[in-house]
Number of protein chains: 2
Amino acid sequence: MKKIKDSTTEQQILEAAEKLFYERGFAMTHTTDIAREVGCNQALVHYYFRTKEKLFESFFKTKVQLFISAFLTAGNEETTFEGKLTRKIEAHFDILRKNPRLPFLLFNEISVNPQRVESFRANLGDMPQLLLKAFDNEIEAEAKEGRIRRIPAIDLILTIISMNAIMFIANPIIKALTGADEKEYEKMLGRRRKENVDAILRSLRP
Amino acid sequence: MKKIKDSTTEQQILEAAEKLFYERGFAMTHTTDIAREVGCNQALVHYYFRTKEKLFESFFKTKVQLFISAFLTAGNEETTFEGKLTRKIEAHFDILRKNPRLPFLLFNEISVNPQRVESFRANLGDMPQLLLKAFDNEIEAEAKEGRIRRIPAIDLILTIISMNAIMFIANPIIKALTGADEKEYEKMLGRRRKENVDAILRSLRP
DNA sequence: GATATATTTAATAGCCCTATTAATTACGAT
DNA sequence: ATCGTAATTAATAGGGCTATTAAATATATC
């Protein structure tokens, strides 16, 4: 009666949708494109996901969680503040490297369609506020020891996100400005990963 | 025979287009929307600009120049490296504040439609390369004096762009994460403007 | 193997969007 | 006032996209 295992088709559709949403965003990805990508009939896309909007959301939600969780999990095994922070920055960078189009899509779709912030908020609850408070405390403790200057946690987080994300968001512009090809760009990425950690740690010195 | 002065209509269309392109991007802005915004017939949009694509380009070009020129003009009256850099960072931030949707649209449209990089490149020629080289020299001179550490100019510029732009690109997400309203957000912006200069200068210390 | 259910397809309704065309009005020059 | 050009409009062709429907095929269950 019931499907035991996800037949591969539904999964395929989701994957094709992911690829195309990444490449073109929501508005410019059509259900016909998705079907063509999978090699199935366009009606199937609607059969499984009803509407394009619902398909997008089911893709979007999992990605939002992925994007956020980088900060939460990484670096907790480290003992020093500097060690923890370094690992968090690196982990964030690495997840972006694996999903280079993700930050862009995130910012884009939320901008164009502000209601999506709700799905965002619903997924996270008040975790952000708690996280910020905890982070503020850590900073305060470290500052009390005189090892770093005081800075609001939100500013530090924004700095990390922005410095890491820019390489992926601005990828085509950077290539155009610098004339770098794909290979050189990869090298830049490796350098930038170190540079970001370095610059951020320096910027925190008292 | 010839139009002496741009009749206001063409200008109005361009302005309405600008507003809507900022709000919704290219794909989701329709010529009918633009006409409605202006209060004119939709055919007029095509009468003046032929196609939606051409209309977009004529808006896009001027904006690209605006975006770039911030770096070139600002701070040249200052004498010290630190003074110059500070002014450049601030000027860049201020231009973004006046055009909060600009970086986003820039990144977005170039991502979705990579051919636009050409219009980008055509507008700028090899200015970027020259600029980078000049900046590299300034950094080297300053580093030789022991006042800052060595860093590739491209990294420094990317840091500036990313740290400044993030507040505008991620506006809705930041509001969602922090729960800030418009007023609080404005305050954050003011603080962030200072913080960016501060953090960047610190990150350069030897 | 018969029957029920799940999957897939073909066809299409209905909508909205871009761009064009042909007709109308406004306006400047002589 | 008239003629010519510019500006504007109404109407619509033509195309593409989403979503639905009804029919066909595959798959599981008994």
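Taken residue by residue, residues 13-35 of chain B places no heavy atom nearer than 4.0 Å to DNA chain D.
Position along DNA chain D of the nearest nucleotide to B:Gly39 versus A:Thr51 favours B:Gly39 as the more 5'-ward residue.
Checking C:dT8, C:dT20, D:dT8 against every side-chain atom of B:Leu44, the shortest atom distance belongs to D:dT8. Considering only side-chain atoms of B:Lys52, the nucleotide from C:dT7, C:dA19, D:dT21 that sits closest is C:dA19. Among D:dA19, C:dT9, C:dT20, the nucleotide with an atom closest to any side-chain atom of A:Ala43 is C:dT9. The side chain of B:Arg50 lies closest to C:dT20 when the candidates are D:dA6, D:dT18, C:dT20.
Note: NE2 (B:His46) to P (C:dA22) measures 17 Å, nearest angstrom. With rounding to whole Å, A:Asn41 atom CG is found 12 Å from D:dA24 atom C1'. A straight line from CZ of B:Phe56 to P of C:dT18 spans 14 Å, rounded to a whole angstrom. One atom, CZ of B:Phe49, and another, P of C:dT20, lie 15 Å apart when rounded to the nearest Å. Atom pair B:Gln11:CD and D:dA7:P shows a separation of 14 Å (rounding to whole Å applied). Rounding to whole angstrom units, CD of residue A:Gln42 and C1' of C:dT9 are separated by 11 Å. Separating the OH atom of A:Tyr47 from the C1' atom of C:dT5 is a distance of 9 Å, rounded to the nearest angstrom. Atom CD of B:Gln12 and atom C1' of D:dA7 are 13 Å apart (whole Å).
The aromatic ring centres of A:Phe168 and B:Phe107 sit 6.0 Å or more apart.
Side chains of A:Ile148 and A:Glu82 form no contact here, defined as non-hydrogen atoms less than 4.5 Å apart. At a threshold of 4.5 Å between non-hydrogen side-chain atoms, the residues A:Phe49 and A:Glu10 count as touching.
Shown here for A:Gly75 and A:Lys84, the closest heavy-atom pair between the two residues is O-CG, 3.0 Å. Residues A:Thr29 and A:Leu20 approach most closely at OG1-O, 3.1 Å, considering heavy atoms.
One finds a side-chain N or O of A:Tyr48 lying less than 4.0 angstrom from the OP1 or OP2 phosphate oxygen of C:dT8.
Summarising the geometry, atom NZ belonging to B:Lys63 is positioned 12.5 Å from atom CZ belonging to B:Phe21; distances are rounded to the nearest 0.5 Å.
Side chain of A:Asp136 to backbone of A:Pro152: no donor-acceptor contact under 3.5 angstrom is found.
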